[in-house]
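This report concerns only the one structure given below.
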Amino acid sequence: MAKNVVVIGTQWGDEGKGKIVDWLTDHAQGVVRFQGGHNAGHTLVVGQKEYKLNLVPSGVVREGVECFIGNGVVLDIHHLLMEIANLEAGGIAVRERLRISPGCPVILPYHAAIDLAREHLRCGDKKIGTTGKGIGPAYEDKVARRGLRVYDLFHPDSFAEKLREVMEYHNFVLQYFLKAETVDYQKVLDQAMMDAETIKPLVTDVSAALYAVHAAGKNLLFEGAQGSLLDIDHGTYPFVTSSSPTAGGACQGAGVSPVDVKDIVGVVKVYTSRVGAGPFPTELKDETGDWIVERGHEYGTTTGRRRRCGWIDIVSLRYAMRVNGYTGLALTRLDVLNGLNEIKLCVAYRMPDGSVTEDYPLDTERLSQATAVYESMPGWKDDISHIRSLRDLPAAAQVYCLRISELLGVPIDLISVGAERNDLVALRWPI
């Protein structure tokens, strides 16, 4: 019987979802990207080669796997074409296996211009930490019903008319409100028409294609970008992304029924990281935090920015579990903690009035005032990258992993123990 499995980040992104999807793709025939844009990134290590992906689903590095970009993705077509070219230069066949929804909103140069100009005007802790790639403004246009979609590109006359109208609006905002340079209409139009011709063979009704794949008894993986705590509705607003990287977003962003989703895997990095601004109760601003950053190479795939790092936060993970309904956990980056004498888990928050709570504050202001209440556990010193079973892990590492599972009430499916593709302990295959 076919199974559709959704793989979701449980934290603020960068949990290592790409590697988990890559592994699970051994048991799937298709991988679907359902939200976000090229502000997200996955790094996959295959042998001696490293692949950096922004829009193309992670399954592309597996031969014969179909890849889909759903309608929930905001698409910078020019960037996608460059990404495809880079993958093909590395020997990966992409075009014959990649299908793109005609309903994807298109990111155009004025979106990035607005994104950057707004962030430039913000000061200090008011900065969102946007990547400046136009993701938010593109989603704004979608919701405001003035956005242009992939299918619009194939009607040149009406596209040109719609583009002129929306650019008049955005250029007015850029010039008179944001005090920034305007964007040239003709250049945008010419580039969009060139990109349209190149991308046209890849465009298909993704919702219908996914229905057919599932009906044929094939397994599908739905790959989220970012993480649950960046969700536009359920995250640390306004320090969030502009889409829904939660399990419900998979159905909306790909055009599939919720009843067809069988398992939801929550990817949990065994410590916590965050890019950009926003509350972070377990953040470490000391030598241990620096050690985790360097040992874990915690720099953004897309931006190169240094990630803020800290201990694992069980309080926020319980919240993410409730929102998503995880059926299993994939623990990642366990090897990064090798060498620490002590490891901590945040099991509650202490509020400014001295009260202690295990509830996650939905009020971002309250969350920013919370300090972590920790439970300490012994660390371990042994290299674990060669280990392939839970019982062979150092005793302290076993206890740590099982404690995470116990506190969240969700079983462990997979544990990543190293950077290489095969550095994985499998307890249960969800697909």
Side-chain angles (χ1 to χ4, degrees), residues 4 6 18 21 25 28-42 51-62 64-88 92-109 111 133-135 138-139 141-142 147-156 159 162-163 191-214 218 220-225 242-245 249-256 302:
N4 289 342
V6 180
V21 170
T25 303
Q29 288 73 52
V31 178
V32 188
R33 172 76 181 277
F34 60 84
Q35 49 77 222
H38 64 305
N39 57 333
H42 294 317
Y51 297 96
K52 295 184 182 295
L53 307 175
N54 296 120
L55 287 165
V56 178
S58 299
V60 74
V61 298
R62 298 282 191 180
V65 174
E66 295 181 78
C67 295
F68 303 90
I69 296 177
N71 57 276
V73 176
V74 283
L75 195 65
D76 183 320
I77 298 174
H78 197 55
H79 180 93
L80 174 65
L81 293 174
M82 291 191 295
E83 190 174 328
I84 291 171
N86 288 335
L87 286 166
E88 290 179 338
I92 302 292
V94 180
R95 293 172 196 265
E96 57 265 41
R97 294 190 285 130
L98 179 64
R99 295 295 174 263
I100 300 164
S101 171
C104 289
V106 180
I107 297 177
L108 292 163
H111 290 127
K133 296 183 181 295
I135 309 301
Y139 275 116
D141 275 2
K142 171 186 173 180
L148 295 164
R149 301 197 177 215
V150 167
Y151 57 68
D152 288 313
L153 293 165
F154 308 129
H155 305 282
F159 178 84
K162 291 176 182 178
L163 180 67
Q191 185 64 62
M193 291 297 95
M194 289 174 57
D195 291 343
E197 287 304 308
T198 308
I199 204 175
K200 192 171 185 177
L202 308 181
V203 176
T204 193
D205 184 340
V206 165
S207 176
L210 296 177
Y211 185 86
V213 169
H214 183 68
K218 297 179 180 179
L220 289 168
L221 279 175
F222 293 79
E223 173 184 31
S242 301
S243 59
S244 296
C251 300
Q252 186 74 10
V256 297
T302 301

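When a residue number appears, it is its place in the shown sequence, counting from 1. The figures here come from the full heavy-atom set of this structure, side chains too, leaving out hydrogens, waters and symmetry mates.
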*From K142 atom NZ to L148 atom CG, the distance as rounded to the nearest 0.5 Å*: 14.0 Å
*asked:* Rounded to the nearest 0.5 Å, what separates atom CZ in R149 from atom CG in D141?
replied: 11.0 Å
*asked:* If I compare all heavy atoms of A250 with all of F222, which pair ends up nearest, and what's the gap?
replied: CB-CB, 4.3 Å
*Enter the distance from L202:CG to E96:CD here, rounded to the nearest 0.5 Å.*
10.0 Å
*Exercise: identify the closest heavy-atom pair between F154 and A196*: CE2-O, 3.6 Å
_Partners passing side chain to side chain donor-acceptor pair (under 3.5 Å) against D152 (at least two apart in sequence or in another chain)_ = K162
*What distance separates E83 CD from N54 CG, expressed to the nearest 0.5 Å?*
5.0 Å
*From I107 CD1 over to H38 NE2, what is the distance, rounded to the nearest 0.5 angstrom?*
5.5 Å
*Go through the structure and list residues passing side chain to side chain donor-acceptor pair (under 3.5 Å) with N4, not counting sequence neighbours.*
H214
*Are V206 and I100 close enough, and set up right, to give a side chain to side chain contact (heavy atoms under 4.5 Å, CB included), and what steps lead you there?*
CA-CA 7 Å; V206 165; I100 300 164; 5.7 Å; no
*asked:* So which atom in P57 and which in E223 form the shortest heavy-atom distance, rounded to 0.1 Å?
replied: CA-OE1, 3.3 Å
*Identify the two heavy atoms, one from D205 and one from A208, that lie closest to each other, and give their separation to 0.1 Å.*
OD1-N, 3.1 Å
*Ignoring hydrogens and angles, tell me if any N or O in the side chain of Y151 forms a donor-acceptor pair with the backbone of S101 under 3.5 Å.*
no
*Among L98, I84, L75, find the one that has a side-chain contact (heavy atoms from CB on, under 4.5 Å) with I199.*
L75
Distance-only criterion, 3.5 Å: show the donor-acceptor pairs between side-chain atoms of residues 65-73 and protein atoms not counting sequence neighbours.
| unit_1 | atom_1 | unit_2 | atom_2 | d |
| --- | --- | --- | --- | --- |
| N71 | ND2 | Q252 | O | 3.2 |

*Just do the side chain to side chain contact (heavy atoms under 4.5 Å, CB included) check on I77 and L153 with the steps written out, would you?*
CA-CA 11 Å; I77 298 174; L153 293 165; 3.2 Å; yes
*Can you measure from CD1 (I135) to CG (N39) and round to the nearest 0.5 angstrom?*
4.0 Å
*asked:* Under the rule for side chain to side chain donor-acceptor pair (under 3.5 Å), what residues qualify as partners of R97, not counting sequence neighbours?
replied: none
*Which residues pass the side chain to side chain donor-acceptor pair (under 3.5 Å) test with Q191, sequence neighbours left out?*
H78, D195
*asked:* Would you say CE of M193 has more than 12 non-hydrogen atoms from neighbouring residues, nucleotides or ligands within 6.0 angstrom?
replied: yes
*Quick one: closest heavy-atom pair of S58 and V31, and the distance?*
N-CG1, 4.5 Å
*Exercise: identify the closest heavy-atom pair between V32 and A254*: CG1-CB, 4.0 Å
*State which residues pass ring-ring contact (aromatic ring centres under 6.0 Å, His included) with H155; sequence neighbours excluded, sorted by chain then number.*
none
*Can D76 and K133 be said to form a side chain to side chain contact (heavy atoms under 4.5 Å, CB included), step by step?*
CA-CA 9 Å; D76 183 320; K133 296 183 181 295; over 6 Å; no
